[in-house]
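Here is the structure we will look at, set down as structure tokens.
Positions are given from 1 along the sequence. Order of listing sets the numbers, starting from 1, for every ligand and every atom in it.
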Amino acid sequence: MDRIDLRSDTVTWPTPEMRRAMAEAAVGDDVFGEDPTVNALQDAAARRLGKEAGLFVASGTMGNLVAVLARCGRGDEVILGDRAHTFVYEAGGIAALGGVHPHTVPVLPDGTLPLEAIKAAIRPDNVHMPATRLIALENTQGTVGGIPISKAYTDEVGRLARAHGLALHMDGARIFNAATALNVDVADLVAAADSVTFCLSKGLCAPVGSVLVGSRDFIARAHRVRKQLGGGMRQAGTLAAAGLIALDRMTLRLAEDHANARRLAEGLAVLPQIEIALDRVQTNMVFFALRPEVPVSAPQLAERLRRHHVWIMDMGERGFRAVTHYWIRPQDVDRALSAIAEELS
Ligand SMILES: *Cc1c(COP(=O)(O)O)cnc(C)c1O
């Protein structure tokens with residue numbers, strides 16, 4: 001890349017190997033189910049996550065929307081976190097397009113939703129109330145710092161869902177970061193979830209796409225919903241070819257991104273102008289803030305860093321988010337740290 005872009009792992013460019021695979025991909029009409037590369041990606045994703053079937057979708061937002069709409073009818077309810085991506089950052093799609101009622105419970109600093117709050121949110125069978133159909137979790141939980149949530153917790157929510165006849169959906173946009181950080185097999189981590197979406201396009205470097213996985217029946221329903229939403233693509237094997245490399249290879253190197261996030265966090269922690277909670281840096285995200293006495297604002301500092309070819313996302317007047325990924329090397333972290341130290345001195 002032509003700059004040190006720490007704003008998000010969504011900024012990643014496809015690797016040269018991906019570009020070659022895309023150019024050479026075997027393709028067919030995927031609306032007819034005839035694209036061999038899409039089919040290979042869907043099968044590989046399902047196998048890797050321990051589910052029966054997969055569906056290639058245009059984005060993580062589409063994957064979550066398709067998953068919710070394949071489970072819930074109009075007026076049905078989904079229980080999800082009040083800081084969940086699906087609640088905050090997906091343009092209200094589940095309500096706007098599906099008439100699905102979101103019932104939020106608080107996201108705790110460790111990324112979990114309190115079990116008691118989930119339990120209390122499940123509706124009794126009462127004609128006055130919406131019908132609860134689905135619980136949705138997010139792993140890693142982005143808004144609290146990319147915190148991975150454990151298999152034990154996920155299993156517990158899965159038991160609660162089953163005891164009430166509900167399904168469990170996992171927004172696993174960064175599920176491979178979670179599995180890497182927790183050092184568990186990804187299929188084990190999501191074993192309790194009936195469906196999972198994960199993004200090929202973030203730290204995994206593919207240019208486009210996510211995969212939704214679940215049971216064969218569920219994916220058949222999801223397939224129809226994807227078509228309704230205009231998400232039926234034709235020779236999508238050109239995209240899926242990059243997705244296969246993302247899934248097979250890029251998932252194996254995420255510990256490097258986590259080490260670089262840690263390197264950045266530790267470098268920031270020694271700057272007297274910076275506030276940072278090192279114990280909250282567990283995957284590829286680093287949240288930090290300027291101390292109150294620092295005379296520059298976060299947007300001003302972010303602007304000045306661009307002169308050093310360092311791009312960081314400011315969040316409010318004092319805060320920042322930095323995200324490491326494939327295109328950030330240890331020496332880029334060190335250059336970003338020098339630029340920040342220079343601008344603050
Ligand atoms: C990125 C992300 C998504 C999906 O985003 P798209 O930009 O639509 O691909 C969903 N959930 C979480 C937690 C995310 O970080």
Side-chain angles (χ1 to χ4, degrees), residues 5-14 41 45 49 55-69 78 80-94 96-97 102 104 107 110-113 134-149 154 168-181 186 189-190 193 195-213 222 225-226 229-231 233 236 239-240 242-243 246-247 250-251 254 257 261 282-287 313 315 321-326:
D5 197 339
L6 292 157
R7 289 173 300 166
S8 177
D9 47 10
T10 58
V11 302
T12 45
W13 294 355
L41 173 63
L49 278 91
L55 187 69
F56 185 48
V57 289
S59 66
T61 298
M62 184 183 272
N64 289 329
L65 179 60
V66 165
V68 172
L69 268 51
V78 53
L80 78 179
D82 62 353
R83 300 176 70 182
H85 194 278
T86 300
F87 183 61
V88 184
Y89 295 118
E90 294 176 12
I94 61 171
L97 303 169
T104 59
V107 174
D110 70 356
T112 65
L113 317 179
L134 182 66
I135 301 172
L137 296 176
E138 180 176 318
N139 199 6
T140 63
Q141 177 64 47
T143 47
V144 298
I147 304 290
I149 63 171
T154 309
L168 175 61
H169 174 67
M170 177 65 72
D171 175 358
R174 297 187 180 85
I175 197 68
F176 290 98
N177 292 88
T180 300
V186 71
L189 184 56
V190 300
S195 57
V196 184
T197 40
F198 69 94
C199 289
L200 298 162
S201 59
K202 292 184 171 168
L204 304 185
C205 272
V208 178
S210 287
V211 186
L212 171 65
V213 297
V225 175
R226 186 186 70 174
L229 295 173
M233 296 183 281
L239 301 172
L247 180 66
M250 304 304 272
T251 52
L254 296 171
D257 297 343
Q282 297 180 20
T283 58
N284 65 334
M285 289 189 190
V286 182
F287 284 60
M313 192 180 281
M315 302 185 74
R321 188 187 83 164
V323 186
T324 55
H325 51 75
Y326 178 80

Are the side chains of Leu49 and Phe198 in contact, using a 4.5 Å heavy-atom criterion? yes
Given side chains that start at C-beta, do those of Leu254 and Leu204 come closer than 4.5 Å, heavy atoms only? yes
Across all chains, not counting sequence neighbours, the side chain to side chain contact (heavy atoms under 4.5 Å, CB included) partners of Thr112 are Leu108, Asp110, Ile149, Tyr153
Gln282 meets the side chain to side chain contact (heavy atoms under 4.5 Å, CB included) criterion, sequence neighbours left out, with Ile147, Pro148
List the protein residues in contact with ligand 1, where contact means a heavy-atom separation under 4.0 angstrom. Ser59, Gly60, Thr61, Asn64, His85, Glu90, Glu138, Asp171, Ala173, Arg174, Lys202
For the OG1 atom of Thr143 and the CZ atom of Phe87, what is their distance to the nearest 0.5 Å? 12.0 Å
The criterion is side-chain hydrogen bond (donor to acceptor under 3.5 Å, both in side chains); which residues satisfy it with Asn64, sequence neighbours excluded? Thr86, Glu90, His169, Asp171, Thr197
